[in-house]
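As C-alpha cells, the structure follows; a few thoughts come after it.
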Amino acid sequence: MLTPDRPEIITSEIEVVGYTQQMNPRDAAKLLIAGNLVLIEDYFRSGLRVLNQLKKILKKRVGDTFSDQRKFRKEYREASHKLLLRISNHRIDAKNSPRIGWLEILYPTVPNFLISFPSLQGLNSSWQWYKKGIYIEVLRRKIHPYYGTYFPTRFDHLELFKDWLSEYQGIKSSAVDVGVGSGVLSYLLLDSGFTRVFATDINPNAIIGVDQESKRLGWDDRLELRFGDLFADLSARVDLVVFNPPWMPATHELSSGIDRAIYYERDLFRRFFEQVSDYLLPEGRIALLFSNLSQVVEESDNPIWKELTESNKFYVEDRLEKSVKPSSKRTRRRDWRKDERVELWIIKPREEPVV
Ligand SMILES: C[S@@+](CC[C@H](N)C(=O)[O-])C[C@H]1O[C@@H](n2cnc3c(N)ncnc32)[C@H](O)[C@@H]1O
C-alpha cells in the first residue's frame, strides 16, 4: 500500500516557548529568527499575527532584487516553520482553529503531535479545495484533488486537448496518461471512449487521490494506476500516450509533490523519448501538452523541439496551439500571459515499434 507524502510532525518531547496574545508578536517573531521553537497556546489568529510580524521584520532586511526576494523567502520559510501548533485527537488545540480532515486521514495512527503553522495553513487550504471540489468545464463536473497533488487552475490546454480528442480517428483500445496528477486527462480519455487507461505518477498522493476518486466515479475497472517514474515499468503497449509534463525548467533541486508538477529536470524529455516507443502499438501516437511560458519568461529552448531534432526518431504529425486568455486583473508587472500559448504536439515514431 502506498503511503502519502505529508508534512513533517513532531511527536517527541521538545523545548518550546509558549505564546499567547498577551505577549508582543514582534518578540515571538524575533525568537523564531533566533532559532527558537514557539508554540501558539491560545487562538489560531495569534499565529497569524506572529507570522505577519515575522514577514515585516525579514522584509525590512532585504532589498528589491530577485536574489534579495529569494533570500527573504528562504529565511521566512525557515523561521515560520518554527512556529508550532499542538494537535490533540486529530484536532488543533488552539481556539477558533479550522477543522482539517487531513489530520485524521494523513496521520491515522498518530492523534497527538506538534506541527508547523505554515504546514497547517497548507493542509487547510488543500482541505477546502478537496471538500468543495473544483469545477472542470471540459469534464462538466468537479474533481476533488488529494493533498499535495497538482490540479489545473487554467484550462486552455485542456480545451485544446479535448477538441483534438473529439476529432481523433485512431483506435481507442488503450492509452497511457503519464503524470496523472488529479486525473483530468485520464477522465477525458475515458469519457471519450478509450476502453482502458493506464496512468502513472511519481507523486504517491496523485495515485492515492485518483484511485479513490475513480472508485467513487465507477471508473476503476477501466483505469489502472501505477506509482513510478514515467511509464513505471508498465507491461502494456497502447494506441495513445498522453503527457502533460511540468512546463518550467528547474533551476533548483526539486523536492517532491507539487514542485515536480511545475518544474522539470534537465533529462526528463530525453528519458521520455528514449522510453516511449516501447509502450506504443504500431500506429500508436504521442500527445504532449506544453506551453511556451518558459520561452516567453526565460527565453529557454522548447525541450520537445530540442529532443525531436536531436533524436530524429520521431516526426510531428500535428501541432496545435491556442492563446492563453490574458489575466483580467491589471498588475504592475508585465502580463506574460498575453504572449503565452499552450501547445499540443501529436508525435509518431519514424519506425514502427517492434512488437
Ligand atoms: C503539470 S502536472 C499534470 C497533471 C495532469 N496530467 C493534468 O494535466 O492536470 C504534471 C504531473 O506529472 C507528474 N510527473 C512529473 N515528473 C514525472 C515523472 N518523471 N514520472 C511520472 N510522473 C511525473 C507530476 O507529479 C504531476 O502530477
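Whatever order the structure lists ligands and atoms in, that order sets their numbers, starting from 1. Side chains are part of it too, since the values below use all heavy atoms of this structure and drop only hydrogens, waters and symmetry mates. A quick note: this is a predicted structure, and the numbers were derived from the prediction, not measured.
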Inset, instruction - Could you check R271 against E265 for salt bridge (charged side-chain N to carboxylate O under 4.0 Å, His left out), going step by step and ending with a plain yes or no? - result: CA-CA 10 Å; R271 292 193 305 109; E265 275 164 345; 5.1 Å; no
Who's the nearest protein heavy-atom neighbour of [atom], and how far?
| atom | answer |
| --- | --- |
| atom 21 (C) of ligand 1 | L230 N, 3.4 Å |
| atom 1 (C) of ligand 1 | A261 O, 3.3 Å |
| atom 8 (O) of ligand 1 | N244 ND2, 2.8 Å |
| atom 9 (O) of ligand 1 | Y150 CE2, 3.3 Å |
| atom 11 (C) of ligand 1 | G179 O, 3.6 Å |
| atom 16 (N) of ligand 1 | I202 CD1, 3.5 Å |
| atom 15 (C) of ligand 1 | R260 O, 3.2 Å |

Inset, instruction - Decide yes or no on side-chain hydrogen bond (donor to acceptor under 3.5 Å, both in side chains) for N302 and E343, but give the supporting numbers first. - result: CA-CA 11 Å; N302 182 313; E343 305 165 352; 3.3 Å; yes
[X] atom [atom1], neighbour heavy-atom count above 12 within 6.0 Å:
| X | atom1 | result |
| --- | --- | --- |
| R226 | CZ | yes |
| Q128 | CD | yes |
| W127 | CH2 | yes |

Inset, instruction - State which residues pass side-chain contact (heavy atoms from CB on, under 4.5 Å) with S126; sequence neighbours excluded, sorted by chain then number. - result: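 In terms of side-chain contact (heavy atoms from CB on, under 4.5 Å), with neighbours along the sequence ignored, S126 is linked to W102, Y147.
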Inset, instruction - Could you tell me whether the side chain of R222 and the main chain of T195 form a donor-acceptor pair under 3.5 Å? - result: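 Yes; judged by distance alone, with no hydrogens or angles, the pair exists.
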Inset, instruction - Look only at interatomic distance and state if P246 has a nitrogen or oxygen under 3.5 Å from any nitrogen or oxygen of ligand 1. - result: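 N/O-N/O distance under 3.5 Å: no.
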Inset, instruction - Report yes if some N/O of N203 lies less than 3.5 Å from some N/O of ligand 1; otherwise report no. - result: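 There is no such contact.
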Inset, instruction - Evaluate side-chain hydrogen bond (donor to acceptor under 3.5 Å, both in side chains) for N112 paired with S88, printing each intermediate quantity in order. - result: CA-CA 5 Å; N112 308 319; S88 304; 4.5 Å; no
Legend entry - Heavy-atom side-chain proximity of T20 to M23 below 4.5 angstrom: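 In contact.
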Inset, instruction - Flag this pair as yes if the NZ/CZ of R73 is under 6.0 angstrom from the six-membered ring centre of Y76 and inside a 45 degree cone about the axis; otherwise no. - result: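 No; the conditions do not both hold, so R73 does not lie above the ring face of Y76.
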Legend entry - Carboxylate-amine/guanidinium proximity below 4.0 Å for E213 and R216: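 A salt bridge is present here (some side-chain N lies under 4.0 Å from a carboxylate O).
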Legend entry - Interfacing atoms of ligand 1 (cut-off 4.0 Å, heavy-atom, L268):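 Within the 4.0 Å cut-off of L268, ligand 1 contributes 19 (N).
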Inset, instruction - Number the atoms of ligand 1 from 1 as they appear, then name those within less than 4.0 Å of a heavy atom of L185, with their elements. - result: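 Near L185, the atoms of ligand 1 are 6 (N), 8 (O).
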Legend entry - Within reach of ligand 1, part of D229 (heavy-atom separation under 4.0 Å):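 Answer for D229: both.
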Inset, instruction - Answer with side chain, backbone, both or neither: which part of A206 has a heavy atom less than 4.0 angstrom from an atom of ligand 1? - result: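 For A206, no heavy atom sits under 4.0 Å from ligand 1.
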Legend entry - Residue-ligand contact P245/ligand 1, heavy atom below 4.0 Å: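 P245 counts as a contact of ligand 1 under the 4.0 Å cut-off.
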Legend entry - Sub-4.0 Å heavy-atom contact, G228 with ligand 1: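 Judged by the 4.0 Å heavy-atom criterion, G228 does count as contacting ligand 1.
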Inset, instruction - Using heavy-atom distances, let me know which of D201, I262, V178 sits nearest atom 25 (O) of ligand 1. - result: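 Residue with the shortest heavy-atom distance to the ligand atom: D201.
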Legend entry - Closest candidate by heavy atom, reference atom 5 (C) of ligand 1, pool T149, V180, V242: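 Shortest heavy-atom distance from atom 5 (C) of ligand 1: V180.
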